[in-house]
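What follows is a set of notes on a single structure, which appears directly below.
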Amino acid sequence: MSRIGLFLGSFNPLTNSHVALAKSAVAMGCVDGAWFVLSPANPAKIRKNILADEEHRREMMRDFLLKENDATLKLCDIEYELPRPSYTHNTLRVLKEKYPDVEFSILCGSDTLAKILTWKTGNDIVRENKFFCFRRGDKLETWPDIVLDRTEFIDTDIPSLSSTLVRGNISSGTAYNNMVPNSIADYIEKNGLYR
């Protein structure tokens, strides 16, 4: 049974931190491969009107993975086939039904894990899934038992970047090329995204 880490997100755009987290999970033996589960319609972000066109984001991810040429990394665009907006609990259920021979876990940063607990189905998501969480200075004892029971916390040197920061740099004309993979920067420039 293959072990796949699901990295769920809007990737608006993909950053070097996203890539480092996925690659670290594989390199450290937490998972055999990492799937970027691209959300075309994250409910929180739709309301803020900050998402680039969903097809642009999908094509950006495809272009990155083609040029990266790493068999352990894959794009999973299953949410493009599901009702909108995309809800994580539903996505996980569909993936487990579609791939019964895969052992899934969730890859995330501690900021994301903390947010999941505030969602309507957050406790169910945590209870039903295994997490590999990359900590950013959190003290382990601050997490509730439900998280500690289902999570392996990992300390590794991943740059502290966010898609929000990248978009802010782009819109203000500040350099951002060192924050995203080269193929992502090329796609953003070619298509005039986040201006």
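By convention here, the first residue in the shown sequence is residue 1. Keep in mind that the numbers below use all heavy atoms, side chains included, and drop hydrogens, waters and symmetry copies.
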Q.
Which residue is it: Arg93, His89, Arg150? I am looking for the one with a side-chain hydrogen bond (donor to acceptor under 3.5 Å, both in side chains) to Glu128.
A. His89
Q.
Quick check on Lys96: does its NZ atom have over 12 non-hydrogen neighbours (other residues, nucleotides or ligands) under 6.0 Å away?
A. yes
(Q) Using side-chain contact (heavy atoms from CB on, under 4.5 Å), reason through Ser105 and Asn129 one step at a time and then give a plain yes or no. (A) CA-CA 6 Å; Ser105 57; Asn129 297 278; over 6 Å; no
(Q) I'd like to know whether Tyr87 forms a ring-ring contact (aromatic ring centres under 6.0 Å, His included) with Trp119, so could you lay out the CA-CA distance, the side-chain angles of the two residues, the decisive distance to 0.1 Å, and finally the verdict. (A) CA-CA 10 Å; Tyr87 289 100; Trp119 299 349; 9.1 Å; no
Q) Is the His18 to Phe36 ring centre distance short of 6.0 Å? A) no
Q) Would a distance-only check, ignoring hydrogens and angles, find a side-chain to backbone donor-acceptor pair under 3.5 Å from Thr121 to Asp124? A) no
Q: Might you work through the side-chain contact (heavy atoms from CB on, under 4.5 Å) test for Cys76 and Leu95, ending with a clear yes or no?
A: CA-CA 10 Å; Cys76 175; Leu95 281 171; 3.8 Å; yes
Q: May I ask you to decide whether Glu189 forms a salt bridge with Arg195, counting only side-chain N to carboxylate O separations under 4.0 Å?
A: yes
Q. Is it true that a side-chain atom of Thr156 and a backbone atom of Ile158 form a donor plus acceptor pair closer than 3.5 Å?
A. no
Q: Return yes if some donor-acceptor pair links the side-chain N/O of Asp70 with the main-chain N/O of Thr72 below 3.5 Å, else return no.
A: yes
Q.
Can a donor-acceptor pair be found, under 3.5 Å and without considering hydrogens, that links the side chain of Ser172 to the backbone of Asn169?
A. yes
Q: May I ask you to test the Ile125-Leu117 pair for a side-chain heavy-atom distance under 4.5 Å?
A: no
Q) Any side-chain heavy atom of His56 sitting closer than 4.5 Å to one from Tyr187? A) yes
Q: Please step through side-chain contact (heavy atoms from CB on, under 4.5 Å) for the pair Phe64 and Leu75, ending with a clear verdict.
A: CA-CA 10 Å; Phe64 160 72; Leu75 172 64; over 6 Å; no
**Q.** Short side-chain to backbone donor-acceptor contact, Arg135 and Ser110, under 3.5 Å
**A.** no
Q. Stepwise, does the side-chain contact (heavy atoms from CB on, under 4.5 Å) test hold for Phe131 with Leu113?
A. CA-CA 9 Å; Phe131 285 76; Leu113 184 57; 3.8 Å; yes
Q) Taking Asp32 for the side chain and Arg3 for the main chain, is one N or O donor matched with an acceptor at less than 3.5 Å? A) yes
Q. Taking the inter-plane angle between the rings of Phe153 and Trp143 on a 0 to 90° scale, is it parallel (under 30°), tilted (30 to 60°) or perpendicular (over 60°)?
A. tilted
Q.
Is it true that, when you exclude Asp157 itself, more than 12 heavy atoms of the residues, nucleotides or ligands shown sit nearer than 6.0 Å to its CG?
A. no
Q) If you measure from the Lys or Arg side-chain nitrogens to the Asp or Glu carboxylate oxygens, is any gap between Lys67 and Asp63 under 4.0 Å? A) yes
Q. Within the distance-only criterion (no hydrogens, no angle test), does the side chain of Arg167 pair as donor or acceptor with the backbone N or O of Pro13 below 3.5 angstrom?
A. no
(Q) Let's go through Lys23 and Glu68 carefully: what are the C-alpha distance in whole Å and the side-chain angles of both, what is the deciding distance for salt bridge (charged side-chain N to carboxylate O under 4.0 Å, His left out) to 0.1 Å, and is it a yes or a no? (A) CA-CA 11 Å; Lys23 287 188 171 185; Glu68 194 68 14; 2.3 Å; yes
Q: Answer yes when Glu54 and Arg84 have at least one side-chain N-carboxylate O distance shorter than 4.0 Å, and no when they do not.
A: yes
Q) Is Arg62 paired with Asp77 through a side-chain N to carboxylate O contact shorter than 4.0 Å? A) yes
(Q) Side chains of Val180 and Val166, heavy atoms from C-beta outward: is any pair under 4.5 Å? (A) yes
Q: Would you please test Asn12 and Tyr194 for side chain to side chain donor-acceptor pair (under 3.5 Å) and show each step?
A: CA-CA 9 Å; Asn12 186 43; Tyr194 308 115; 2.8 Å; yes
Q: State, with a plain yes or no, whether a side-chain heavy atom of Phe134 is found less than 4.5 Å away from one of Asp155.
A: no
Q: Check whether any side-chain N or O of Thr15 sits under 3.5 Å from a backbone N or O of Ser163 as a donor-acceptor pair, and report yes or no.
A: no
Q: Tell me, please, whether Phe11 has Arg57 positioned over its six-membered ring: NZ or CZ under 6.0 Å from the ring centre and within 45 degrees of its axis?
A: no
